[in-house]
Amino acid sequence: MDIGAPARYNWSGPGDRRSATARCRGGCDRREAAALTASVSHAILAEETERQLKTEEGIVAEVIQIKDIARYAGQEVTVRGWVYNKTGKGRLQFILLRDGSGQAQCVAFKREMDAEAFEIVRGLTQESSLLITGEVRPDERAPGIPGGFEIGIRDLQLLQQAQDYPITPKEHGTEFLMNHRHLWLRSNRQWAILRIRATIIKAMRDWLDDQGFLLVDTPIITPAAGEETTTLFEVDYFGELAFLAQTGQLYNEANIMAFGKVYCFGPTFRAEKSKTRRHLIEFWMLEPEIAFCSLEELMDIEEGLVTYVVAQVLEKHSQELALIERDVSKLRAITAPFARISYDDAIERLQGLAEATDDPEAKAELAIAWGEDFGSPQETALAEQFDKPVFVYNYPTAVKAFYMTPVEGRPEVCRSVDLLAPEGYGEIIGGSERIHELDLLEQNIDKMGLGREAYQWYLDLRKFGTVPHAGFGIGIERTVAWICGLNHVRETIPYARLLNRKYP
RNA sequence: UCCGUAGUAGCUCAAUUGGCAGAGCAAUCGGCUGUUAACCGAUCGGUUCUUGGUUCAAGUCCAAGCUACGGAGCCA
């Protein structure tokens with residue numbers, strides 16, 4: 001469990017008025033400064049004021065980001081941020097200041113600074129906001145991100161003295177942390193995960209852009225179901241029924257006929273009553289779609305995308321991966337090619353595993369007959385046989401969506417492929433060749449009872465220059481959970497929407 | 001929706017066979033010149049999830065409900 005910012009402080013009660021700047025910018029008396037706290041605080045935040053301050057009395061030096069601290073060794077700088085931790089040793093005080101880019105230890109010696117400024121340091125509470133000015137010096141004892149450098153405090157300006165920050169140094173329960181998600185984001189572990197998430201999304205988009213894909217946005221409010229009607233959120237669209245999108249795929253199929261290779265990226269919504277570590281009600285998905293593409297070519301693309309994303313995270317986030325204690329040797333193993341096994345083969349392997357085990361419980365969990373879709377324990381058992389993601393292709397047509405192409409001469413299976421992540425993270429990608437023949441698609445829509453009217457535009461695509469094509473969807477949160485080694489997707493998104501949670 | 005576990009101080013938890021409601025952390029006050037979730041001393045802190053029941057006596061037993069967590073199904 002993640003712990004919050006540690007803090008120890010033993011001075012400054014609620015009645016104290018310490019939220020004054022150490023020195024008012026007009027050179028005014030400190031008592032006046034206290035009275036002016038609010039207006040000064042606002043002013044400090046303004047860019048113009050910052051420039052003014054630089055010209056006065058040396059309170060503010062060059063404002064830097066803590067991630068760049070090593071470049072400023074020996075120089076006086078100003079950092080702006082929040083108190084992540086404070087350790088008092090009497091006349092010596094340590095502040096761990098975070099500024100969003102990193103963390104730096106700031107050290108206050110009573111003898112070396114103004115008495116009142118020192119008292120402000122002594123009274124600092126967890127998550128109080130302030131500006132600190134002082135000299136950067138290398139010190140191998142200094143913790144931080146990156147660490148190894150600290151700031152000897154010469155002066156500071158308190159913006160706000162925080163009171164009773166709820167996330168304390170000891171462990172907290174999931175419910176408490178999720179109720180305080182807006183504050184939990186400040187904790188190291190959450191900070192690291194969400195930075196990696198951003199890189200994963202950027203890497204996916206960079207790779208696709210470089211491969212000649214075009215980002216083409218698809219609607220969030222849609223007139224018809226993408227797949228099944230039971231899992232949709234309904235929207236009142238000026239008196240008519242509409243739905244929140246659960247996929248952009250059908251629109252992607254229209255878009256490839258205009259642009260060749262496209263992808264959409266956005267939130268999708270599923271009103272499923274799923275309550276597992278792999279499910280969110282609102283989740284983000286990236287969906288590429290390619291004209292003139294076979295299932296084999298689709299697997300090549302997925303493999304290229306996933307290996308690039310993992311490599312980018314390894315290259316850019318060694319610091320964050322260390323912070324969340326991810327075993328990076330497992331990630332370094334993620335290189336092409338990935339194993340490709342058929343559904344038939346997968347069933348045989350699972351039946352073999354079930355036979356091999358003596359544990360009756362495990363035997364029951366693994367039991368599967370041809371034609372059934374994999375359950376969660378089966379998916380995990382299958383993926384455990386590989387130390388890389390594994391492709392499983394040609395699933396039974398009956399368990400897959402209506403638009404997937406049947407295999408020629410063997411219509412009971414279809415040209416579909418899932419990518420299962422290792423370490424029990426399950427399916428992160430689902431994709432297929434799409435049916436491009438009008439008759440067959442119409443038959444399937446009728447068979448599923450979906451109603452042709454709603455799919456007229458989709459059927460049009462098979463009338464005006466239809467071509468073989470394929471595409472897939474990759475779930476961002478599952479990918480982040482796997483790459484970060486998290487046991488639940490709720491930590492992979494800033495504000496998770498779960499079965500019983502829409503707050504904060 | 002089903003199965004399992006839990007709900008006690010702001011947080012994380014303890015409380016023997018049904019017999020005075022307890023600790024660590026946080027907060028508050030004091031001490032400390034190299035801390036890494038610092039440490040030491042003191043103080044403050046309670047509708048034991050709710051409702052009803054059994055009992056001389058209920059945090060503990062019974063019933064119903066609520067909430068959360070873990071798992072299943074469904075899926076990315």
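The chains referred to below are lettered A, B, ... by the order of the sequence lines, with proteins before strands, and numbering in each begins at 1.
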For B:G34, is there a stacking contact with A:F94, counting only centres under 5.5 Å and planes under 30°?
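No, the aromatic ring of A:F94 does not stack with the base.
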List in chain and number order the residues that pass side chain to side chain donor-acceptor pair (under 3.5 Å) with [X], two or more places apart in sequence or in another chain; answer none if no residue qualifies.
X: A:E282; value: none
X: A:T397; value: none
X: A:T199; value: A:H317
X: A:N252; value: none

Side chain of [X], heavy atoms from C-beta onward: which of [options] has the nearest atom to it?
X: A:R270; options: B:A76, B:G34, B:G73; answer: B:A76
X: A:L92; options: B:G34, B:U67, B:U35; answer: B:G34
X: A:T174; options: B:C69, B:U67, B:C32; answer: B:C69
X: A:D164; options: B:A27, B:U33, B:G73; answer: B:A27
X: A:K89; options: B:C75, B:C74, B:U35; answer: B:U35
X: A:T276; options: B:A76, B:G73, B:U35; answer: B:G73

Would you call the rings of A:Y458 and A:F402 parallel, tilted or perpendicular, where under 30° means parallel and over 60° means perpendicular?
perpendicular
Name the nucleic acid region contacted by [X], choosing base, sugar-phosphate or nothing; use a 4.0 angstrom heavy-atom cut-off, strictly under.
X: A:G426; result: nothing
X: A:Q105; result: base
X: A:I474; result: nothing
X: A:E150; result: base
X: A:D418; result: nothing

Give a yes or no on whether a donor-acceptor pair under 3.5 Å exists between the nucleobase atoms of [N], that is its base, and the side chain of [X].
X: A:E272; N: B:G73; value: no
X: A:R111; N: B:U33; value: yes
X: A:S274; N: B:C74; value: yes

Just to be sure I understand the geometry, which residues of residues 295-312 of chain A put a non-hydrogen atom under 4.0 Å away from RNA chain B?
none
With ring-ring contact (aromatic ring centres under 6.0 Å, His included) as the rule and sequence neighbours excluded, what pairs involving residues 358-381 of chain A come up?
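As it turns out, the ring-ring contact (aromatic ring centres under 6.0 Å, His included) pairs with a partner in residues 358-381 of chain A, which skip direct neighbours, are A:Y343-A:W370, A:Y343-A:F374, A:F374-A:Y395.
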Tell me: [atom1] of [X] to [atom2] of [N], nearest whole Å?
X: A:N85; N: B:G34; atom1: CG; atom2: P; answer: 17 Å
X: A:F118; N: B:C32; atom1: CZ; atom2: P; answer: 10 Å
X: A:K275; N: B:A68; atom1: NZ; atom2: C1'; answer: 8 Å
X: A:F374; N: B:A76; atom1: CZ; atom2: C1'; answer: 16 Å
X: A:N487; N: B:C69; atom1: CG; atom2: C1'; answer: 12 Å
X: A:K86; N: B:A37; atom1: NZ; atom2: P; answer: 16 Å
X: A:R186; N: B:A37; atom1: CZ; atom2: C1'; answer: 19 Å
X: A:H279; N: B:U1; atom1: NE2; atom2: P; answer: 17 Å

Which residues share a salt bridge (Lys or Arg N to Asp or Glu O under 4.0 Å) with A:E296, sequence neighbours left out:
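With neighbours one apart ignored, the set is A:R415.
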Sorted by first residue and then second, give each salt bridge (charged side-chain N to carboxylate O under 4.0 Å, His left out) pair with at least one member in residues 358-371 of chain A; sequence neighbours left out.
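Sorted pair list comes back empty.
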Give a yes/no on whether any side-chain N or O of [X] is located under 4.0 angstrom from OP1 or OP2 of [N].
X: A:N500; N: B:A68; answer: yes
X: A:R490; N: B:A68; answer: no
X: A:S376; N: B:A72; answer: yes

Can you list every side chain to side chain donor-acceptor pair (under 3.5 Å) pair that touches residues 138-149 of chain A, not counting sequence neighbours?
A:D139-A:R141
Sequence neighbours excluded, which residues qualify as ring-ring contact (aromatic ring centres under 6.0 Å, His included) partners of A:H180?
A:F176
Between the protein and nucleotides 6-11 of chain B, which nitrogen or oxygen pairs come in under 3.5 angstrom?
| from | atom 1 | to | atom 2 | distance (Å) |
| --- | --- | --- | --- | --- |
| B:C11 | O2' | A:E171 | O | 3.1 |
| B:C11 | O2' | A:H172 | ND1 | 2.5 |

Using Watson-Crick or G-U wobble geometry with both distances under 3.5 Å, which nucleotide pairs with B:U5?
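Pairing partner, where one exists within any strand: B:A68.
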Using the P atom as the point on both nucleotides, what is the distance between B:U60 and B:A6, in whole Å?
14 Å
Pair A:R98 + A:E127, salt bridge at N-O below 4.0 Å:
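Salt bridge flag = yes for A:E127 with A:R98.
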Give every pair of a protein N or O atom and an N or O atom of nucleotides 42-46 of chain B that lie under 3.5 Å apart, one pair per line with the distance.
none

Would you check if there is a donor-acceptor pair between the side chains of A:R205 and A:Y263 at a distance under 3.5 Å?
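A donor-acceptor contact under 3.5 Å links the two side chains.
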Side chains of A:E491 and A:Q190: donor-acceptor distance under 3.5 Å anywhere?
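Present: a donor and an acceptor within the cut-off.
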For A:P377 and A:L280, take the nucleotide of RNA chain B holding the closest heavy atom to each; which residue's nucleotide lies nearer the 5' end?
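So the residue in question is A:P377.
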For the CD atom of A:Q312 and the CD1 atom of A:I483, what is their distance to the nearest 0.5 Å?
11.0 Å
